[in-house]
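Read through the structure below, which is laid out as structure tokens, and then see the notes.
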Amino acid sequence: MTLVRPPTLRDLIKAYGSIEEVVKHLINSGFTPEDISWKFKLPYYLIRLYMEGFKPRSRVLFSTVTKVYDRLALLRSRRGKETELLKFFKREDLSLDVKVRLALGRITDENLKIGEGIIEKALCAATGVAPKRVRDLFIDYGEYGEVASMLIRPKEPKLTVDEVYEAIRIIPKLERVYERVLHISSLLQNSTPDEARYIVRLLLNDLKLGYRQETVTSAIARLYGVPAELLERVSAIIGLVEGLTMAPKGEAELSKIRIRPGQFLKPQLAHIYDPDKVSYPARVEYKYDGSRLQIHRWGSQVRLFSRRGIEKSSTLPEVVDIAMGFKAQSCIVDCEVIAVGEDGTFLPFQYLLERTVPRELPTEELRERMRKVRLTIKAFDILYLNGVVLLDMPLRERRRFLLEVVPAEYLAEGVDCEDEVALMRFYNEALKRGLEGVIVKDLNSPYELGRRTYTWLKIKPERDTVDCVIVKALYGKGKRAGLYSSFLMAVRDPKERKLYTIGKVSNLPDEVMASLSSKLERIKIGEDKEGIYVKPMIVAEVTYQEIQETDEYTSGYALRVPKIIRFREDKTVEEIDDVDKLRRLYELQYERYPVK
DNA sequence: ACTGATGCGTC
DNA sequence: GTCGGAC
DNA sequence: GTCCGACGACGCATCAGT
């Protein structure tokens, strides 16, 4: 009896013709990708690539791209970065969409479901380094790309752009956490420190190269000789990557891109109110505490989009019904969707999330939620009507069409104000009626896709303030590495010497953060993986937009949109506010501003 | 079957 | 949603 | 003036782990 040698990979390739066929055959015979990786000493990511039918097209090394990234990181000026990008886009050995995506640091529009947690696991798996040490490096450098480049061993670069690019694109197909970890760690094991830095950054959608997307746009516009404004507009309509990759078709083709219902448009946004920026007469409307919704209707078709373009049509059927009642053949309407009780009163924002967050729900569950949280809309703009694009029309004229299309009960309430006195009168009335505030709009302004403009200004009230004390300081990330950049605040027990947490605050100026950080080090009394615990003695006055009930903090309450107003060096921890005051403020907030 | 970790999208 | 800060 | 990164709370989805 002769011993049969197990077939080598070489044998199998000979038998099946190609490595791709071998992998397919082995998977069909019941082997897992892990088995195959183990048996033939093949990197896990390659097996997953072959399973997805990967066919290498170009042999360009990924290290040529990381060199471009490094140069971009070093260049200081916008112009310099733009020229370097232009040089990159001139390369003919890579396709334009690959180059655009590499430049934008966004390899796919799908969700990778990769965050810092999975990167940390993958780094441990790839290097055998203990999680504690990886985390410590992360605290020091504030970013996993740099950490990866420090932990990965130098080697000859051999990854190709194709491999890296496709390996990232197939990640959405890896459902299990351990699959994603194995995939990424095998990729990192086969990369150089420089490659690892940028692979991690690509996975986290953040290249940290210090240029903006408009720099990428103008580099492409320059290369293909098309106006940057046109390219921007096309990108606003069909999407950034799609728009930029159309540039070679030239100005004539780009000009043909038209807005059509069914295709999401980036909504216009508002700035904070500044009295000097208002031009009268101004349109002033209630600001409803809801979620932005863009309604597209053409014939009997309706599509709803959230602020970032997520489709919501299937979970908001009552809004679809409302849209069916619009008096138009086709239209795109901008509105706020809000939660209302059975009596028509406004419900707090938290309730709305139960309706707007889910992506899809079983019919029964959806019905139940529809009963519990009713919805209505408040429309305030119209972008398109019966084949005509209204964007460049002044608001005054767009509103005329809006009133014809949308029934009165679904329109945002407002008035035209001649001066600041009238504005403030309407604003105060809005607060009395329980609204979030008002929006002030320039009646002569066009609708500017995707831009935050001073032609729309929001006014929201200052709420009460709470004096509280820092009990914990959390490590900053990215550009705030090495500092404590967010602070856990607490209030007193009314009787005993106890503290109850109420949430975290951040957003301090760099200088303040720096001096605070050293102060905190001196009163440190403990630590965990997120930051340090400190002796409660730094008192701050904090304001907020709303108090919410929560299980997250020991007081039972949390502040929505918290802000530090000032530090109270005149106050000791004995003199801060207590939980009773917080409870009173919570109960008072809807009395003083009736939710109606 | 439940809880926790992780990621994502709303404000 | 907020803010500060780079560009 | 504009954009963007670093932050806040919340609820949901999904998988990991018991």
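First the proteins, then the strands, lettered A, B, ... as listed; each starts at 1.
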Among [options], the one nearest [X] by side-chain distance:
| X | options | value |
| --- | --- | --- |
| A:Thr550 | D:dT2, D:dC10, B:dT10 | D:dC10 |
| A:Gln548 | D:dC10, D:dA16, B:dC8 | D:dC10 |
| A:Tyr553 | D:dG8, B:dT6, B:dG9 | D:dG8 |
| A:Ile272 | D:dG8, B:dG7, C:dT2 | C:dT2 |
| A:Lys479 | D:dA9, D:dG11, D:dA6 | D:dA6 |
| A:Gln350 | D:dG11, D:dC12, C:dC3 | D:dG11 |
| A:Arg560 | B:dC11, D:dC10, B:dT10 | B:dC11 |
| A:Lys287 | C:dG1, B:dT10, D:dA13 | C:dG1 |
| A:Arg307 | C:dC7, B:dC11, B:dG9 | B:dC11 |
| A:Arg308 | B:dT10, D:dC7, D:dC10 | B:dT10 |

Looking at [X], does any N or O in its side chain come under 4.0 Å of the phosphate oxygens OP1/OP2 on [N]?
| X | N | result |
| --- | --- | --- |
| A:Ser486 | D:dG8 | yes |
| A:Lys460 | C:dT2 | yes |
| A:Asn111 | B:dG9 | yes |
| A:Lys208 | D:dA6 | yes |
| A:Lys504 | D:dA6 | no |
| A:Arg176 | D:dA16 | yes |
| A:Arg480 | D:dG5 | no |
| A:Arg359 | D:dC12 | no |
| A:Ser291 | B:dT10 | no |
| A:Arg369 | D:dC12 | yes |
| A:Lys563 | D:dC7 | no |

For DNA chain C, whose closest nucleotide is more 5', that of A:Leu269 or that of A:Glu511?
-> A:Leu269
First encountered from the 5' end of DNA chain C, between A:Ser77 and A:Asn507 =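 Here A:Asn507 is the residue nearer the 5' end.
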Using a heavy-atom cut-off of under 4.0 Å over every strand shown, decide if [X] touches base, sugar-phosphate, or nothing.
| X | value |
| --- | --- |
| A:Val357 | base |
| A:Gln213 | sugar-phosphate |
| A:Glu116 | sugar-phosphate |

Within 45° cone and under 6.0 Å: A:Lys81 NZ/CZ vs A:Tyr211 ring = no
Please work out whether the ring planes of [X] and [Y] are parallel, tilted or perpendicular, with thresholds of 30° and 60°.
| X | Y | value |
| --- | --- | --- |
| A:Phe380 | A:Trp456 | perpendicular |
| A:His296 | A:Phe305 | perpendicular |
| A:His183 | A:Tyr45 | perpendicular |

Tell me the side-chain hydrogen bond (donor to acceptor under 3.5 Å, both in side chains) pairs involving residues 501-517 of chain A, sequence neighbours left out?
->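 As it turns out, the side-chain hydrogen bond (donor to acceptor under 3.5 Å, both in side chains) pairs with a partner in residues 501-517 of chain A, which skip direct neighbours, are A:Thr501-A:Thr554.
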Distance only, no hydrogens: is a donor on one side chain within 3.5 Å (strictly under) of an acceptor on the other, for A:Asp528 and A:Tyr533?
->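 There is such a pair between these side chains.
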Between A:Gly115 and A:Ser306, which is nearer to the 5' end of DNA chain B once each is assigned its nearest nucleotide?
-> A:Gly115
Measuring from A:Tyr273:OH to A:Ile459:CD1, what's the distance to the nearest 0.5 Å?
->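 Going from OH on A:Tyr273 over to CD1 on A:Ile459, the span is 5.0 Å.
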